[in-house]
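Have a look at the structure below, then the notes.
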Amino acid sequence: MRNNSSATLTAAPALSSVRTGLWWGLLGVAAFSFTVPFTRVAVAGGGLSPLFVGSGRAVIAALLAAAALAVTRQRLPRGVQWARLAVVAGGVVVGFPVLTSYALTTASAGHSAVVIALLPAATAVLAVLRGHERPPVRFWAMAAVGATAAVGFASLRGGGFGGLHWSDLLLLGAVLAAGTGYAEGGLLARELGAWQTISWALVLSAPLMIALTAFSVAQHPPTGSPTEWAAFAYLGVVSMFLGFFAWYRGLAIGPMAQVSQVQLVQPVMTICWAALLLHEPITWPTVLGGLTVIASAAVAVRVRLGRTSGVK
């Protein structure tokens, strides 16, 4: 009896920790789900150039990050942590924002969701390779089902791939960049803290992003509408800064490969926001596809939760 009771007591905190990580991850995903529609809004009119949107949002976030780090007197990263922060910055501060900004000048929000739906799978694979996690076979099977459902769902709204265009290649590059940044950032958040990791990455990349922003302003002075500027402000404050507080917190609590699968619901959210903001109709195939994506992600999460808590 004593052994069973002890096992139960030790399993409960682990299960609670997993659920906490999932909720933080979901909050981050909710914040990120507006990124594609708002990027489309920001660049569609032509008043704000893709380079300005992609780099300028990082400058805004870097200013907020520097202030937060200074006020809370965070210790400086040490040694190899700077190199790892460079990986995070290259992926989520430079790569994903700039590549998606250029892609969304021609690609619709729905079509972009087709490619970006691959991000959870990419993050999970990179997390396993980098973090030495070993999720069970059933988890990978449901993750594959969820990724397939996400791509199929988004394809219905985006018209399918129909051959790779330059915007598709940019989006695929953005997925690889973000997956790398998420995986490395999730590990580094366990050492530096969740919001500290994205903040130091933003500060580290600030000189480059300021230079790119200045270049973009010189080449194409921004003349956006109030709506475009509002979308740009969201990208800088939330997509590039506050959203990462929750996302990296969830990845840090982990398990990273499992929390990353919460992002399977992001295409569903993105299409919903695109329907409201860009007036794209939501059809029954969209509703059914969305439910399939959510159900697949939920089953994948349940498989891992059962393994953590000892449920067969």
Side-chain angles (χ1 to χ4, degrees), residues 13-14 16-32 34-35 52-98 123 126-127 130-131 177-214 232-256 259-260 262-263:
S16 175
S17 177
V18 169
R19 287 175 175 165
T20 300
L22 290 172
W23 279 113
W24 277 110
L26 184 60
L27 181 60
V29 164
F32 294 149
F34 287 96
T35 300
F52 176 81
V53 172
S55 58
R57 63 198 257 190
V59 173
I60 293 176
L63 292 174
L64 296 173
L69 291 169
V71 168
T72 57
R73 298 182 178 181
Q74 296 295 313
R75 68 173 179 83
L76 289 171
R78 301 173 182 174
V80 73
Q81 288 177 336
W82 285 110
R84 296 171 64 190
L85 283 168
V87 173
V88 176
V92 302
V93 179
V94 182
F96 188 84
V98 173
T123 302
L126 291 165
R130 179 65 182 86
T180 302
Y182 285 167
E184 189 62 46
L187 291 172
L188 197 52
R190 297 171 181 174
E191 303 173 20
L192 298 178
W195 71 268
Q196 293 92 334
T197 296
I198 187 60
S199 295
W200 284 117
L202 286 163
V203 170
L204 181 63
S205 61
L208 172 62
M209 304 314 280
I210 291 172
L212 289 176
T213 302
F232 174 74
Y234 181 93
L235 295 173
V237 175
V238 181
S239 294
M240 284 300 299
F241 190 57
L242 296 180
F244 278 101
F245 279 41
W247 180 239
Y248 276 152
R249 175 66 174 165
L251 290 178
I253 295 173
M256 192 187 304
V259 174
S260 70
V262 175
Q263 205 169 30

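Just so you know, these numbers use all the heavy atoms, side chains as well, and skip hydrogens, waters and symmetry mates.
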Give, for atom [atom1] of [X] and atom [atom2] of [Y], the distance between the pair rounded to the nearest 0.5 Å.
{"X": "Q74", "Y": "W200", "atom1": "CD", "atom2": "CH2", "value": "8.0 Å"}
{"X": "I198", "Y": "W247", "atom1": "CD1", "atom2": "CH2", "value": "13.0 Å"}
{"X": "L27", "Y": "L242", "atom1": "CG", "atom2": "CG", "value": "10.0 Å"}
{"X": "L192", "Y": "L187", "atom1": "CG", "atom2": "CG", "value": "11.5 Å"}
{"X": "F241", "Y": "L63", "atom1": "CZ", "atom2": "CG", "value": "10.0 Å"}

Legend entry - Heavy atoms from other residues, nucleotides or ligands near CH2 of W24 exceed 12 (cutoff 6.0 Å): no
Inset, instruction - Go through the steps for M240 and L202 under the test side chain to side chain contact (heavy atoms under 4.5 Å, CB included), then give the verdict. - result: CA-CA 9 Å; M240 284 300 299; L202 286 163; 3.7 Å; yes
Of all heavy-atom pairs between [X] and [Y], which one has the smallest distance, and what is that distance?
{"X": "G54", "Y": "P97", "value": "O-CB, 3.7 Å"}
{"X": "T197", "Y": "G185", "value": "CG2-O, 3.9 Å"}
{"X": "A246", "Y": "G28", "value": "CB-N, 3.6 Å"}
{"X": "V94", "Y": "S205", "value": "CG2-CB, 4.5 Å"}
{"X": "S239", "Y": "F244", "value": "O-CE1, 3.2 Å"}
{"X": "R57", "Y": "F232", "value": "N-CE1, 3.5 Å"}

Inset, instruction - Please lay out, stage by stage, how I60 and V237 fare under the test side chain to side chain contact (heavy atoms under 4.5 Å, CB included). - result: CA-CA 7 Å; I60 293 176; V237 175; 4.2 Å; yes
Legend entry - salt bridge (charged side-chain N to carboxylate O under 4.0 Å, His left out): pairs with one or both residues in residues 66-84, sequence neighbours excluded: R84-E184, R84-E191
Inset, instruction - May I ask you to decide if the ring planes of Y182 and F32 are parallel, tilted or perpendicular, using 30° and 60° as cut-offs? - result: parallel
Inset, instruction - Please assess V238 against F245 for the test side chain to side chain contact (heavy atoms under 4.5 Å, CB included), listing each intermediate value before the final yes or no. - result: CA-CA 10 Å; V238 181; F245 279 41; over 6 Å; no
Inset, instruction - Please lay out, stage by stage, how V87 and L188 fare under the test side chain to side chain contact (heavy atoms under 4.5 Å, CB included). - result: CA-CA 11 Å; V87 173; L188 197 52; over 6 Å; no
